[in-house]
Protein chains: 2
Amino acid sequence: MTGTRGYHHGDLRRTLLTTAVQVIEESGPAALSLRDLARRAGVSHAAPAHHFGDKAGLLTALAADGFDLLAKALHGAGDALLDRGVAYVDFAVRHRAHFEVMFRADLYRPDAEELVAARQRAGAALNLGVAALPEDRPTAEDPQGDALAAWSIMHGFATLWLSGALPARIGDDPRAAARAIAGRLFRME
Amino acid sequence: MTGTRGYHHGDLRRTLLTTAVQVIEESGPAALSLRDLARRAGVSHAAPAHHFGDKAGLLTALAADGFDLLAKALHGAGDALLDRGVAYVDFAVRHRAHFEVMFRADLYRPDAEELVAARQRAGAALNLGVAALPEDRPTAEDPQGDALAAWSIMHGFATLWLSGALPARIGDDPRAAARAIAGRLFRME
DNA sequence: GGGTGAATCTTGTCGCTGGCAAGTTTCCCC
DNA sequence: GGGGAAACTTGCCAGCGACAAGATTCACCC
């Protein structure tokens with residue numbers, strides 16, 4: 001299973017995915033090329049197609065990996081909604097390539113089985129944070145609205161951060177900035 | 001200046017931009033092709049390069065148009081922050097193609113002169129809404145944080161809406177949904 | 001230990017794309 | 001009406017994604 005010599009690469013599928021993440025982090029999803037990935041892995045230009053079918057197939061697998069990583073990150077962040085919100089932003093910054101692909105449904109096949117399941121796991125992890133809010137908050141009658149508001153503000157901050165649209169005075173610590181912003185929703189803490 | 005016959009197209013630059021918007025709305029920015037645009041406009045495959053240099057040049061112009069449209073939409077929405085927030089989401093939904101390109105800096109030249117100016121105009125229109133908040137709100141000491149929080153929640157909601165990631169139960173009226181979400185920030189209204 | 005089917009990877013090809021170079025036609029303005 | 005600039009053309013090249021057909025190796029079972 002290990003070793004990269006010989007006719008068989010040994011772990012080409014994994015290699016292609018991790019290399020794709022590097023390329024996307026450096027140059028964005030638009031710059032990704034299956035032939036370039038093949039060259040970097042030392043295989044022929046048609047080898048990737050065997051594992052993923054086509055480019056959308058590779059990005060589908062990458063997005064599914066991303067939703068699974070996100071679900072794990074959220075679960076590891078504790079129960080409080082604020083902590084989960086900060087973990088969401090932290091995930092977006094640390095796994096920028098995954099995050100950028102996950103929410104660009106035109107790049108992959110959003111109805112692929114593996115992907116739908118992973119996305120559901122991440123969604124469940126998100127909603128759990130809302131259940132930890134105090135029950136006497138003013139908006140307690142509409143927990144789905146609370147979840148959507150929390151998701152929106154953290155997703156928006158993460159997206160703006162990654163896009164480089166934020167002014168420089170924000171600083172370079174996305175976790176701290178996210179915590180300050182998120183605290184304005186509800187009286188979280 | 002009008003008329004589309006003859007060797008000179010007459011209004012090719014404008015035609016290419018509006019056609020690009022249609023294509024992006026239907027199939028996303030990744031599906032955009034300069035040669036396809038040229039075919040639809042009835043000109044040769046190299047004609048677009050004369051007006052925009054390359055693909056990034058066309059998208060730079062499209063993004064700049066988008067920031068200008070956004071600035072106008074925000075100014076036309078009244079002074080209240082909540083109304084500006086709803087107008088932001090409304091802009092994203094109505095001008096989906098512009099919006100998708102505007103926040104994908106890897107697709108264009110973010111330091112182009114025309115674009116920087118347009119983005120500044122839109123940013124100023126955004127910040128004006130924060131100035132209309134009541135001065136006795138608890139976070140009044142940090143108006144820039146307020147602006148960032150408001151921008152984040154509306155940008156996040158718009159992005160999630162466009163990406164199709166939201167559950168169907170949200171309904172089909174983005175303006176109403178945005179207003180309900182935004183009201184949770186501050187005691188706006 | 002040998003054979004067989006499946007998985008993995010290769011080579012070759014096609015149409016499409018973006019970008020460049022060089023040439024042609026038309027417009028504008030003096 | 002003439003000259004220079006602007007707008008558009010044809011022709012070309014390398015790179016890409018996708019497909020087809022063939023070569024090599026692996027896994028498993030007798």
Side-chain angles (χ1 to χ4, degrees), chain A residues 1-20 22-24 26-63 101 104-109 112 114, chain B residues 1-20 22-24 26-63 101 104-109 112 114:
Chain A
M1 188 192 292
T2 60
T4 60
R5 69 199 68 216
Y7 194 91
H8 280 38
H9 178 282
D11 198 19
L12 182 57
R13 185 189 156 92
R14 197 86 242 145
T15 300
L16 291 172
L17 283 173
T18 59
T19 308
Q22 292 173 10
V23 172
I24 295 173
E26 288 167 11
S27 318
L32 190 69
S33 142
L34 290 183
R35 290 171 106 103
D36 180 51
L37 290 184
R39 274 191 298 270
R40 295 186 189 221
V43 295
S44 77
H45 66 262
H50 180 73
H51 292 277
F52 300 104
D54 56 8
K55 196 173 182 177
L58 184 142
L59 291 175
T60 302
L62 201 153
V101 174
R104 293 277 314 280
D106 59 312
L107 294 181
Y108 57 89
R109 279 184 276 277
E114 47 164 337
Chain B
M1 186 192 294
T2 61
T4 59
R5 68 200 68 215
Y7 193 91
H8 281 36
H9 178 283
D11 199 17
L12 182 57
R13 185 188 157 91
R14 197 85 243 146
T15 299
L16 291 172
L17 283 174
T18 59
T19 309
Q22 292 173 8
V23 172
I24 295 173
E26 287 167 12
S27 318
L32 191 68
S33 144
L34 289 183
R35 290 173 107 102
D36 179 51
L37 290 184
R39 275 191 296 270
R40 296 186 191 223
V43 295
S44 78
H45 68 262
H50 180 73
H51 291 278
F52 300 105
D54 56 7
K55 196 173 182 176
L58 184 142
L59 291 175
T60 302
L62 201 153
V101 173
R104 294 276 315 280
D106 60 310
L107 294 180
Y108 57 89
R109 281 184 276 276
E114 46 165 336

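These numbers come from a predicted model, not from an experiment. Within every chain, numbering begins at 1; the chains are lettered A, B, ... in the order of the sequence lines, protein sequences first and strands thereafter.
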Euclidean distance, atom [atom1] of residue [X] to atom [atom2] of [N] [Å, nearest integer]:
X     : N      : atom1 : atom2 : answer
A:L37 : C:dC9  : CG    : C1'   : 16 Å
B:L59 : C:dT17 : CG    : C1'   : 15 Å
A:K55 : D:dC19 : NZ    : C1'   : 17 Å
B:L12 : D:dC8  : CG    : P     : 5 Å
B:H50 : C:dA21 : NE2   : P     : 16 Å
A:F52 : D:dA18 : CZ    : P     : 13 Å
B:L34 : C:dT17 : CG    : C1'   : 9 Å

Handout entry: Donor/acceptor link under 3.5 angstrom from A:H45 side chain onto base of C:dG12
Key =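 Indeed, a donor on one side and an acceptor on the other fall under 3.5 Å apart.
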Tell me what [X] touches on the nucleic acid: a base, only sugar-phosphate, or nothing, going by heavy atoms under 4.0 Å.
X     : answer
A:R13 : nothing
B:S33 : sugar-phosphate
B:L32 : sugar-phosphate

Can you give me the closest heavy-atom contact between [X] and [Y], atom names plus distance?
X      : Y     : answer
B:R109 : B:D54 : NH2-OD1, 3.0 Å
A:V23  : A:A31 : CG1-O, 4.4 Å
A:D106 : B:G28 : OD2-CA, 4.2 Å
A:Y108 : A:A56 : CB-O, 3.8 Å

Fill in the blank from the handout: Sorted by position of nearest nucleotide on DNA chain D, 5' first, the leading residue of A:R39 and A:A46 is A:R39
Handout entry: D:dC26 phosphate, OP1 or OP2, under 4.0 Å from A:H8 side-chain N/O
Key =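 Checking A:H8 against D:dC26: no side-chain N or O falls below 4.0 Å of OP1 or OP2.
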Problem - Side-chain N,O (A:H51) to OP1/OP2 (C:dA7) below 4.0 Å - result: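 The answer is no; no side-chain N or O of A:H51 sits under 4.0 Å from OP1 or OP2.
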Problem - Interatomic distance, A:F52 atom CZ to A:L17 atom CG [nearest 0.5 angstrom] - result: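 Between A:F52 CZ and A:L17 CG, I get 4.0 Å after rounding to 0.5 Å.
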Completion exercise
Taking for A:R35 and for A:V43 the nucleotide of DNA chain C with the nearest heavy atom, the one nearer the 5' end belongs to A:V43
Handout entry: Side chain of A:D36 (C-beta onward), nearest among D:dG17, D:dC16, C:dT17
Key = D:dC16
